[in-house]
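One structure is given here, and the rest of the page talks about it.
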Amino acid sequence: MKKVGILGGTFNPIHNGHILLAEKSLKEFGLDHILFVPTGLPPHKSTKDLASKNHRLKMVALAIKGNKRYKLSKIEINRDGY
């Protein structure tokens with residue numbers, strides 16, 4: 001059975017702290033993968049200064065590109081509501 005960590009967030013924008021957390025989690029918990037889950041519509045943040053969900057999705061895709069242990073989920077991006 002594979003061990004997968006889930007890292008969710010607004011990622012507005014994704015930054016080195018997110019990547020560092022993912023790397024440390026892989027090592028600390030012996031994970032096989034980290035699943036990045038960008039939030040579609042965060043209930044705790046104003047949409048005024050929020051990049052579009054498609055832009056945030058693309059930012060995450062670019063940030064994790066080339067790391068085979070990082071996966072991207074669109075489940076929250078494709079979901080309506082909070």
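Nothing fancy with the numbering, it's 1 onward along the sequence.
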> Out of curiosity, Asn67 CG to His33 NE2, how far, rounded to the nearest 0.5 Å?
Replying inline: 9.0 Å
>> Does His55 have more than 12 heavy atoms from other residues, nucleotides or ligands lying within 6.0 Å of its NE2?
In response: no
> Leu35 and Val4: which non-hydrogen atoms are nearest, and at how many Å?
Replying inline: CB-CG1, 4.1 Å
>> If you apply the rule side-chain contact (heavy atoms from CB on, under 4.5 Å), what do you find for Phe36 with Leu57, and how did you get there?
In response: CA-CA 10 Å; Phe36 286 79; Leu57 183 70; over 6 Å; no
> Roughly how far apart are Ile19 CD1 and Ile14 CD1, rounded to 0.5 Å?
Replying inline: 4.0 Å
>> Does any part of the side chain of Leu7, heavy atoms only, come nearer than 4.5 Å to the side chain of Leu21, both counted from C-beta?
In response: yes
> Less than 4.5 Å apart, any side-chain heavy atom of Thr10 and any of Lys45?
Replying inline: yes
> Hey, quick one: are Leu31 and Ile64 part of the same hydrophobic cluster, counting side-chain heavy atoms closer than 4.5 Å, chains of contacts allowed?
Replying inline: yes
>> Restricting to non-hydrogen atoms, name the atom on Thr39 and the atom on Ile77 that form the minimum distance, rounded to 0.1 Å.
In response: O-CD1, 3.8 Å
> Within the distance-only criterion (no hydrogens, no angle test), does the side chain of Lys71 pair as donor or acceptor with the backbone N or O of Lys68 below 3.5 angstrom?
Replying inline: yes
> Can you tell me how far the CG atom of Leu72 sits from the NZ atom of Lys65, to the nearest 0.5 Å?
Replying inline: 13.0 Å
>> Can you confirm whether Pro38 sits close enough to Asn12 that some side-chain heavy atom of one is under 4.5 Å from a side-chain heavy atom of the other?
In response: no
> Is the count of non-hydrogen atoms from other residues, nucleotides or ligands lying under 6.0 Å from Asn16 atom CG greater than 12?
Replying inline: no
>> Checking the side chain of Arg79 only, and the main-chain atoms of Gly40 only, is there a donor and an acceptor separated by less than 3.5 Å?
In response: no
> Can you name the nearest heavy-atom pair linking Met59 to Phe11, along with the distance?
Replying inline: CE-O, 3.9 Å
> Going by heavy atoms in the side chains, are Leu50 and Arg56 under 4.5 Å from each other?
Replying inline: yes
> Ile34 versus Arg69: any side-chain heavy-atom pair under 4.5 Å?
Replying inline: no
> Does the side chain of Glu23 come within less than 4.5 Å of Tyr70's, by heavy atoms?
Replying inline: yes
